[in-house]
Each structure stands twice: as C-alpha cells, then as structure tokens.
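Scope of the values below: all heavy atoms of this structure, side chains included, with no hydrogens, waters or symmetry mates.
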Amino acid sequence: MVAENSSVTAFILAGLTHQPGLQAPLFFLFLGSYVVTAVGNLGLLTLIGLSAHLHTPMYFFLYNLSFIDFCYSTAITPKMLMGFVSEKNAISYAGCMAQLFFFLFFVVSESFILSAMAYDRYVAICNPLAYAATMSPRVCLLLASGVYVMGFAGAMAHTVCMARLTFCANNLVDHYMCDILPLLELSCTSTHVNVLVVYVVVGIDIGVPTLTIFISYALILSSILRIRSTQGRSKAFSTCSSHIMAVSLFFGSGAFMYLKPSSLLPLSQGKVSSLFYTIVVPMLNPLIYSLRNKDVKVALKKTLSKKKNNNPFS
C-alpha cells in the first residue's frame, strides 16, 4: 500500500512530548482516560440495549454516538499509549493510512450524528404531536445510514488523496497520530490538491452539521420563548443542555484545529487541540449524558436492582 515512488515504508510518531520525565505520568493519565472512555461508552451501549424504555429516537442516536466515540478513541489512544513506553514509536505506512481512515470515518460520523440529534430535539420540542410519525424507526435508520455514509465519503476522500502523495527521506510525524496536516508536512510532492480537499471536505463535514445545529436550536429557542410557564421552559432547556455541551466541545476543538491557517496554529499547538476531540470529548460525552439525564439514571438503577434480585447469593 506504499505510494508509487515513495521511499517511506514506515513513519515515526513524535508523540506529545520529548521530555522523558513526563512519559510515565502522561501514560497513566491517558490510560485512565481511555478506561473511563471505554467503560462509559460501553456502559451506555449496554444500558440502552437492555432498557426497553430507552428504545426511543433520542437514545437510538445516543447509542450511535457512544459507539462512534468508543471506536474512534480506540483507533487513536492504544497507539498513543504505546508511544509513551516504546523507544521508537513506529507505524507502518499501511497502518498509518488505516489509522487515518478510521479516525476520519468516526470523527466525521460524530459531527453528523450530533446534527441528527439536534434535529431530533427540534422535532421533540417544536412539533411534539407529530414526533412519533416524524421520527419513525425508518426515518431514524435512514438518518443513521446517512451519518455513516458521510463518514465513509469524508474518510475516503482524505485517505485516497493522502495515498497519492510521495514521501521521501523525512518520516517523522510531528504528532501522536497519523493526522492530515502533519502528514502533508512530510510530502515531497505538491499538496495543493490535498489542501483544497481539506478545506472543501472539512468545510462540508463541519459546516453542514453546524448549520443544521444552529437552525435547529434557533427554532428550538424561538419555541421555548413562547412557552409561558417557567417550569415548561426549564424542562425544554434541560432536554437540550447535554447535547449543547457535547456540540460545543466537539465542534469548537475541531474547527480550531482544521479551519485556522497553519501560520496562526503551529502543529505543536494543534496537538493540544487534537487532544480535546480525540481523548477528552469521547470521555466526557457518556458522563455528560448520564450524569445530566434522569432517564439514564432511572434505567441504571432498574438494571442494577434487577441484577441484584436475580443474584442467588444476594
């Protein structure tokens, strides 16, 4: 899978820091965050799957969000952890392209699943009487399919464009993962097409979901302001607060990384920005949706009490 005329068969990932004293603390920090991410997201997947009263459109999309978060964190973090304990953090050319593809597939899918969740909240608050018909199982499946189609299309566009580049002597990737911008820095052939694809595809993958979310929440806000009772407004706001927090974290860090000129955002600072949407966001999403959600808390209590009652030793 090495590009024609390319002399590079493997890349070296520089990692987060070159300071030996920070390697062990960072390893345990990110190992802990990955454990929280895995337990949180797999726990939500299990809980939603087992709890019948959570089989609604809102939790269908949350199920997909948890699946995506777990997968794209897994595509990045284990290799990152290896970099803290190995002297030479190498990754093959094929492995690098595979990591790039899966990372992009899941990160693009996340942007669109968040927009689908915003649309779901818009229908629930602005048109509650038609909610069951509008967000039917068929519509939910079509929206979810669209999410993964867009993820696949975005990942393929970037990966195919990256595979056409030639990499010569320099194979040191100034990052902890195979990401678009650090790899473009290493190419010894023209990257004009790749840069254009970055702005076009990333613009679509961030712009379209962002526009959908803004329009949805503008209509939601307009609808909430027409509610006369304070309790009604508070309840409507509470159904959206978790999603707003997740959207702000994800799109804020992603836009900061990809849509700023490289002269204003050096790659070293880009690593810190990348940590938010590759490590922090997948870890916080299950916490945000579980700690701030009464339905999830109730489902968890019921599941735990059911297991306790079924335990012959209790």
Quiz item: Roughly how far, to the nearest 0.5 Å, is OG1 of T77 from NZ of K79?
Solution: 13.0 Å

Practice problem: Quick one: pull up CD1 in I204 and OH in Y199 and give me the separation to the nearest 0.5 Å. | Solution: 15.0 Å

Self-check item: Heavy-atom side-chain proximity of L13 to C178 below 4.5 angstrom
Solution: yes

Quiz item: With a 4.5 Å limit on heavy-atom distance, are the side chains of M162 and L184 in contact?
Solution: yes

Quiz item: Take atom OH in Y63; do more than 12 heavy atoms of anything else shown fall under 6.0 Å from it?
Solution: no

Quiz item: Given side chains that start at C-beta, do those of L65 and M117 come closer than 4.5 Å, heavy atoms only?
Solution: yes

Quiz item: If you take all heavy atoms of S73 and T37, which pair is closest and at what distance?
Solution: OG-CG2, 3.7 Å

Exercise. Taking the six-membered ring for Trp and the full ring for Phe, Tyr or His, determine whether the centres of F11 and F167 are under 6.0 Å apart.
Key: yes

Self-check item: Taking every non-hydrogen atom, the tightest pair across L219 and C126
Solution: O-SG, 3.5 Å

Quiz item: Can you hop from V35 to M82 via hydrophobic side chains spaced under 4.5 Å?
Solution: no

Quiz prompt | CZ/F102: more than 12 non-hydrogen atoms of other groups inside 6.0 Å | solution = no

Quiz item: Is there a donor-acceptor pair under 3.5 Å between the side chain of S51 and the backbone N or O of H53?
Solution: no

Quiz item: Does the side-chain contact (heavy atoms from CB on, under 4.5 Å) test come out yes or no for T191 and L165, once each step is laid out?
Solution: CA-CA 8 Å; T191 59; L165 295 179; 4.1 Å; yes

Practice problem: Identify the heavy atoms of I279 and S33 that sit nearest to each other, and give their distance. | Solution: CG2-OG, 3.5 Å

Quiz item: Between M58 and Y131, which heavy-atom pair has the shortest distance, and what is it?
Solution: N-OH, 3.8 Å

Quiz item: Which other residues belong to the hydrophobic cluster containing L172, where Ile, Leu, Val, Met, Phe, Trp and Tyr are joined when side-chain heavy atoms lie under 4.5 Å apart, directly or via other members?
Solution: I12

Practice problem: Indicate if V149 and V202 have the same hydrophobic cluster label, given that clusters are the connected sets of ILVMFWY residues with side-chain heavy-atom separations under 4.5 angstrom. | Solution: no

Practice problem: Answer yes if the side chains of N89 and Y176 hold a donor-acceptor pair under 3.5 Å, and no otherwise. | Solution: no

Exercise. Taking the side chain as every heavy atom from C-beta outward, state whether L104 and Y72 have any atom pair closer than 4.5 Å.
Key: no

Self-check item: Non-hydrogen side-chain atoms of F84 and L31 separated by less than 4.5 Å
Solution: no

Practice problem: Give a yes or no answer on whether the side chain of D179 reaches the backbone of H175 with a donor-acceptor pair at less than 3.5 Å. | Solution: no

Exercise. Determine, using the 4.5 Å side-chain heavy-atom cutoff (strictly less than), whether I180 and M156 are members of one ILVMFWY cluster.
Key: yes

Practice problem: Report the C-alpha separation of H158 and V197 in whole Å, then their side-chain angles, then the decisive distance to 0.1 Å, and conclude whether the side-chain contact (heavy atoms from CB on, under 4.5 Å) test is met. | Solution: CA-CA 7 Å; H158 289 299; V197 169; 3.8 Å; yes

Practice problem: Please assess L143 against Y119 for the test side-chain contact (heavy atoms from CB on, under 4.5 Å), listing each intermediate value before the final yes or no. | Solution: CA-CA 10 Å; L143 285 172; Y119 175 70; 4.2 Å; yes

Practice problem: Flag yes if more than 12 heavy atoms outside Y122 fall under 6.0 Å of its OH atom; otherwise flag no. | Solution: no

Exercise. List for me each residue that meets side-chain contact (heavy atoms from CB on, under 4.5 Å) alongside L22, sequence neighbours excluded, and say none if there are none.
Key: T17, Q19, L26

Quiz item: Do M283 and L42 belong together in a cluster built from hydrophobic side chains that touch within less than 4.5 Å?
Solution: yes

Which pairs of donor and acceptor atoms, one on a side chain in residues 107-114, lie under 3.5 Å apart (sequence neighbours left out)?
from, atom 1, to, atom 2, distance (Å)
S109, OG, F105, O, 2.7
E110, OE2, N285, ND2, 3.2
S111, OG, V108, O, 2.6
S111, OG, D205, O, 3.0

Practice problem: Check whether any side-chain N or O of Q99 sits under 3.5 Å from a backbone N or O of M177 as a donor-acceptor pair, and report yes or no. | Solution: no

Practice problem: Classify the angle between the aromatic ring planes of F67 and F106 as parallel (below 30°), tilted (30 to 60°) or perpendicular (above 60°). | Solution: perpendicular

Quiz item: Is it the case that more than 12 heavy atoms not belonging to F27 sit under 6.0 Å from its CZ atom?
Solution: yes

Quiz item: Which atom names give the shortest non-hydrogen contact between H55 and G49, and what distance separates them?
Solution: NE2-O, 3.3 Å

Practice problem: Go through the steps for T56 and M135 under the test side-chain contact (heavy atoms from CB on, under 4.5 Å), then give the verdict. | Solution: CA-CA 9 Å; T56 63; M135 299 304 295; over 6 Å; no

Quiz item: Going hydrophobic residue to hydrophobic residue with side-chain gaps under 4.5 angstrom, can you get from V201 over to V160?
Solution: no

Self-check item: Heavy-atom pair with the smallest gap, counting every atom of D174 and A14
Solution: CA-CB, 3.9 Å

